[in-house]
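Just follow the structure's listing: the first ligand is 1, and inside any ligand the first atom is 1. Below, each value reflects all heavy atoms present in this structure, side chains not excepted, and no hydrogens, waters or symmetry copies.
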Amino acid sequence: MKDVVIAPSILSADFAKLGEEIAQVEAVTSFLHIDIMDGHYVPNLTFGIPVVQSIRKISKMVFDVHLMITNPMDFFEPFAKAGADMLTFHIETVDDPDVAIEAVRKLGKRVGMSIHPDTPIEKILPYVTKCDLILIMSVRPGFGGQHFMEESLSRIAAVRKVIDENGADTVISVDGGICRDTASRVVASGANYLVAGSAVFSNDDHARAVEELLQCAKS
Ligand code: DX5
Ligand code: ZN
């Protein structure tokens with residue numbers, strides 16, 4: 001994937017009308033970011049497998065499931081069966097990242113690996129070319145609506161360097177604090193997959209918000 005894409009994060013959607021919220025963004029983008037939180041790896045809870053199963057029935061979008069949970073290996077298969085297309089786990093939550101990558105591949109799903117802002121970026125570099133996507137957290141995981149951490153830009157650039165040096169096509173995702181201002185800067189640093197929660201769903205016209213973010217990202 002060379003083009004820049006926006007993946008709305010349903011964390012900031014109105015759950016009373018989740019189907020309608022997804023339909024609005026599905027009109028303008030193909031990727032949906034789904035945050036799973038367990039109250040252990042992050043100090044917050046969201047939702048689980050039944051919600052993914054339900055929205056799978058009403059959407060053809062690529063489901064990008066972001067597992068912010070301490071035991072992701074236990075949940076790869078249930079989320080794959082529920083309809084995930086891509087499973088992203090945190091490097092901090094697995095004993096052996098290679099084993100986790102292989103477990104996702106065996107399920108026939110795309111592999112994403114994420115890194116917490118407190119973890120040195122060097123930790124993830126050996127795995128960059130083995131994954132379909134590297135998700136660089138640009139806020140402390142757990143909540144929407146936080147401010148973008150500027151130090152994320154050099155972390156994105158470090159991952160981009162490895163991808164380009166190896167001629168790989170791993171996608172670089174950035175998650176947290178993406179808005180019209182930060183969108184162009186993360187792309188300039190090498191990101192090409194921008195997760196956006198509040199910037200999309202706090203705007204009454206979600207589709208328009210996605211398109212505006214995309215324009216900023218490409219400018
Ligand atoms: C935070 C989540 C994000 C969140 C981003 O831990 O992983 O996906 O939805 O929200 P915004 O875009 O509002 O920073
Ligand atoms: Zn996320």
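Looking only at N/O/S atoms, D175 comes nearest to the Zn ion (ligand 2) through OD2. The Zn ion (ligand 2) sits nearest to atom ND1 when only the N, O or S atoms of H66 are considered. Restricting H33 to its N/O/S atoms, the shortest distance to the Zn ion (ligand 2) is reached by NE2. When distances from the Zn ion (ligand 2) to the N, O or S atoms of D35 are compared, OD1 comes out shortest.
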### Query
For I163 and I172, what are the C-alpha separation, side-chain angles and deciding distance, and is it a side chain to side chain contact (heavy atoms under 4.5 Å, CB included)?
CA-CA 9 Å; I163 293 170; I172 302 184; 3.5 Å; yes

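The aromatic ring centroids of H66 and H33 lie less than 6.0 Å from each other.
A salt bridge does not link K109 to D132: none of the charged side-chain nitrogens sits closer than 4.0 Å to a carboxylate oxygen. Between R155 and E151 there is no salt bridge, since none of the side-chain N atoms of the basic residue sits less than 4.0 Å from a carboxylate O of the acidic one. Salt bridge annotation for R140-D118: present, with a cationic side-chain nitrogen under 4.0 angstrom from a carboxylate oxygen. In summary, R185 and E150 engage in a salt bridge, as defined by a charged side-chain N under 4.0 Å from a carboxylate O.
Scanning all protein heavy atoms for the shortest distance to atom 3 (C) of ligand 1 gives D175 OD1, 2.9 Å. With respect to atom 12 (O) of ligand 1, the closest heavy atom belonging to the protein is G197 N, 2.8 Å. Of the protein's non-hydrogen atoms, F143 O, 3.6 Å is the one closest to atom 1 (C) of ligand 1.
Listed by atom number, the atoms of ligand 1 under 4.0 Å from S9 heavy atoms are 4 (C), 8 (O), 9 (O). Shown in contact with G144 at under 4.0 Å from a heavy atom are these atoms of ligand 1, numbered in order with element: 10 (O), 13 (O). Each of the atoms 7 (O) of ligand 1 lies under 4.0 Å from some heavy atom of H66. Contact atoms of ligand 1 toward S198: 11 (P), 12 (O), 13 (O) (distance under 4.0 Å to a heavy atom of the residue).
Ligand 1 lies less than 4.0 angstrom from a heavy atom belonging to G176. Residue contacts with ligand 1 include D35, since one of its heavy atoms falls under 4.0 Å from the ligand. For the ligand labelled ligand 1, residue F148 lies outside the 4.0 Å heavy-atom shell.
Just one of P141, S138, S152 meets the side-chain contact (heavy atoms from CB on, under 4.5 Å) condition when paired with P117; it is P141. Checking T46, V25, L32 one by one against I10, the side-chain contact (heavy atoms from CB on, under 4.5 Å) holds for a single residue, L32.
Distances between N or O atoms of M137 and those of ligand 1 include no value under 3.5 Å. Residue contacts with ligand 1: S12 is placed with no nitrogen or oxygen under 3.5 Å of a nitrogen or oxygen of the ligand (distance criterion only). Polar contact check, R140 against ligand 1: no nitrogen or oxygen pair lies under 3.5 Å apart. The shortest N or O to N or O distance between G145 and ligand 1 is under 3.5 Å. Geometrically, ligand 1 and G177 share a nitrogen or oxygen pair separated by less than 3.5 Å.
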Donor-acceptor pairs under 3.5 Å, side chain of residues 72-86 to any protein atom, not counting sequence neighbours: which ones?
from: D74; atom 1: OD2; to: N71; atom 2: ND2; distance (Å): 3.3
from: E77; atom 1: OE2; to: K81; atom 2: NZ; distance (Å): 3.0
from: D85; atom 1: OD2; to: R56; atom 2: NH1; distance (Å): 3.0
from: D85; atom 1: OD2; to: F63; atom 2: N; distance (Å): 2.7

For residues 212-219, which side-chain N or O atoms pair as donor and acceptor with protein atoms under 3.5 Å away, sequence neighbours left out?
from: E212; atom 1: OE1; to: R180; atom 2: NH1; distance (Å): 3.0
from: E212; atom 1: OE2; to: R208; atom 2: NE; distance (Å): 3.0
from: S219; atom 1: OG; to: C216; atom 2: O; distance (Å): 2.8

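A donor-acceptor distance shorter than 3.5 angstrom exists from the side chain of T170 to the backbone of V128, with no hydrogens or angles considered.
Between atom NZ of residue K106 and atom CD1 of residue I101 there is a gap of 13.0 Å, rounded to the nearest 0.5 Å.
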